[in-house]
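Start at 1 with the first residue, then count along the sequence.
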Amino acid sequence: MSLKQQAEIWLRTVVSKHLGSNIRRYKWSSYLGEVSHNSLGGISFLPPCEGKVAEVSDEFTLVKTAASCFCVVSNALLGQPVAEGDKIGLTFYKPKRFDGTKADGSDDPSECGVRTVMLTGAASLFPVKWEGRYLGINDRFADAYTEIRNPYLRDLITQLERMPVSNGLRAVVNVLIDANATGLTFNDPAESESASSPPAIRMSVSTEKHKGQVEISYDRAMDVYAVRLTPDSGSGPLVLENVYFNQLGEVLIDGIDDGRWMLAAVAMIKPAPKKRKLAQPEEA
């Protein structure tokens, strides 16, 4: 039984006491760490919501967002504990770009009064360009992007952008972005110099698992990759060699991913009123 099925069974047992007597139907969404798809076939990401905590169990929290609308959240995915009666706002995971804006374009300023938002298929991309590279809604930022000439570096970038991880919820590039990547640079040699000066991507990340430098480089002679993690603490780097392209996601998750990217951000709007203690009668 999936977690969503468990959540639905639980919801049916508790929802009636949170509905008005004249309401016969209700709608609900869930945030459980499982991939769901929208009607267009793309991965569905929940929009932010606001409501009152109606019920809390050992596994789930029920938030009432309207008279007949609810959101069930796994307790393990709440950014902080909540209590019944709290009025809260919830912001759920959605893929971002390296600059922190949403990958679907929902944070982008409008042009001539028009804003383009991807309803499905939004992808996080490295801020780079080359002839023939499709940037989609990111094309408007192409002038500021770094030009990449090395074909092996282009292949590495494309693989990181397309290879799915986290059960298809995100791509390998998101592992880097969700690790708070900054200072993105590239070693982009001429193709003929690829063996002596390996094409590479470098950045700094900051998670509970790793704070420091990350380098992903390509070994042209062996046709494999290497991942180098150098902590800011000054301790020696961890170098993982002979990594095949389809192992990059697993290696990076093991090395830098603390899982906090998946937590729903909780904004406390109004805490539940504290229960008053009843005065105890004095003994005669």
Side-chain angles (χ1 to χ4, degrees), residues 1-39 42-96 100-104 106-107 117 119 122 166-170 174 177-180 207-208 257-280:
M1 183 183 298
S2 70
L3 198 57
K4 187 169 185 177
Q5 290 173 321
Q6 295 176 44
E8 184 174 12
I9 292 172
W10 174 75
L11 177 60
R12 288 177 178 174
T13 64
V14 301
V15 72
S16 60
K17 56 185 175 182
H18 302 294
L19 291 171
S21 58
N22 61 332
I23 296 177
R24 296 291 178 266
R25 294 183 179 182
Y26 62 89
K27 297 180 180 179
W28 70 289
S29 58
S30 61
Y31 190 68
L32 308 170
E34 297 180 342
V35 177
S36 59
H37 295 81
N38 57 32
S39 58
I43 295 175
S44 177
F45 297 98
L46 287 181
C49 72
E50 183 179 303
K52 188 175 183 180
V53 178
E55 194 94 20
V56 178
S57 73
D58 291 339
E59 259 191 297
F60 306 112
T61 291
L62 179 66
V63 180
K64 186 175 183 178
T65 58
S68 60
C69 297
F70 300 87
C71 182
V72 178
V73 185
S74 169
N75 292 344
L77 297 180
L78 283 171
Q80 66 184 65
V82 297
E84 291 181 13
D86 287 346
K87 186 176 182 181
I88 62 173
L90 292 173
T91 303
F92 306 102
Y93 177 75
K94 187 178 268 191
K96 298 181 294 185
T101 58
K102 300 293 190 301
D104 64 1
S106 56
D107 290 339
V117 178
L119 297 179
S166 306
N167 296 319
L169 188 63
R170 54 183 187 156
N174 297 111
I177 295 173
D178 296 336
N180 306 301
T207 68
E208 293 182 359
D257 189 2
D258 60 10
R260 295 193 62 81
W261 58 273
M262 190 60 180
L263 298 182
V266 179
M268 186 62 64
I269 299 172
K270 185 178 180 181
K274 294 182 179 179
K275 294 181 179 180
R276 295 181 179 179
K277 292 184 178 180
L278 298 178
Q280 297 296 323

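A donor-acceptor contact shorter than 3.5 Å links the side chain of Glu34 to the backbone of Leu3. Judged by distance alone, with hydrogens and angles left aside, the side-chain atoms of Asn75 form a donor-acceptor pair with the main-chain N or O of Thr61 at under 3.5 Å. Between the Ser2 side chain and the Gln5 main chain, a donor and an acceptor come within less than 3.5 Å of each other. Without hydrogens or angle criteria, Ser57 side chain to Glu59 main chain gives a donor-acceptor distance under 3.5 Å. Looking only at distances, a side-chain donor or acceptor of Asp258 sits under 3.5 Å from a matching main-chain atom of Glu208.
Counting heavy atoms from C-beta outward, Met262 and Asp178 have side chains that stay 4.5 Å or more apart. Leu90 has its side chain out of reach of Glu50: every pair of non-hydrogen atoms, C-beta onward, lies at least 4.5 Å apart. No side-chain heavy atom of Leu263 sits less than 4.5 Å from a side-chain heavy atom of Leu78. When side chains are defined from C-beta on, Val63 counts as touching Ile88, because their heavy atoms get closer than 4.5 Å. Under the 4.5 Å side-chain criterion, counting only non-hydrogen atoms from C-beta, Leu62 is not in contact with Val56. Side-chain contact between Val73 and Cys71 is present, with at least one heavy-atom pair separated by less than 4.5 Å. At least one side-chain heavy atom of Val72 sits less than 4.5 Å from a side-chain heavy atom of Trp28. The shortest side-chain heavy-atom distance between Lys87 and Met268 does not fall under the 4.5 Å cut-off.
The heavy-atom pair separating Ser68 from Leu19 by the smallest distance is CA-CD2, 4.2 Å. Closest approach of Ala83 and Asp86 over heavy atoms only: N-OD2, 2.8 Å. The two residues Leu77 and Gly33 come nearest to each other via the heavy atoms CD1-N, 3.3 Å. Residues Gly79 and Val266 approach most closely at N-CG2, 3.9 Å, considering heavy atoms. Glu55 and Lys17 get closest at one heavy-atom pair: OE1-CE, 3.0 Å.
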Donor-acceptor pairs under 3.5 Å, side chain of residues 6-15 to any protein atom, not counting sequence neighbours: which ones?
residue, atom, partner, partner atom, Å
Gln6, NE2, Met1, O, 3.4
Glu8, OE2, Arg12, NH2, 3.1
Thr13, OG1, Trp10, O, 2.5

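Rounding to the nearest 0.5 angstrom, the gap separating the OG atom in Ser36 from the CG atom in Leu169 is 8.5 Å. Between the SG atom of Cys69 and the NZ atom of Lys27 there is a distance of 6.0 Å, given to the nearest 0.5 Å. Separation of atoms NZ (Lys102) and CG (Asp107) is listed at 4.5 Å; rounding is to 0.5 Å.
Within a 6.0 Å radius of NZ in Lys94, more than 12 heavy atoms belonging to other residues, nucleotides or ligands are found.
Ion pairing of Asp257 with Arg170 is present here, as a side-chain N (NZ or NE/NH1/NH2) and a carboxylate O approach within less than 4.0 Å.
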Could you walk me through whether Glu84 and Lys52 satisfy the side-chain contact (heavy atoms from CB on, under 4.5 Å) test, starting with their C-alpha distance in whole Å, then the side-chain angles of each, then the deciding distance to 0.1 Å, before giving a yes or no? CA-CA 8 Å; Glu84 291 181 13; Lys52 188 175 183 180; over 6 Å; no

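Screening residues 68-93 for ring pair (Phe, Tyr, Trp, His ring centres under 6.0 Å), with sequence neighbours left out, gives Tyr31-Phe92, Tyr93-Trp261.
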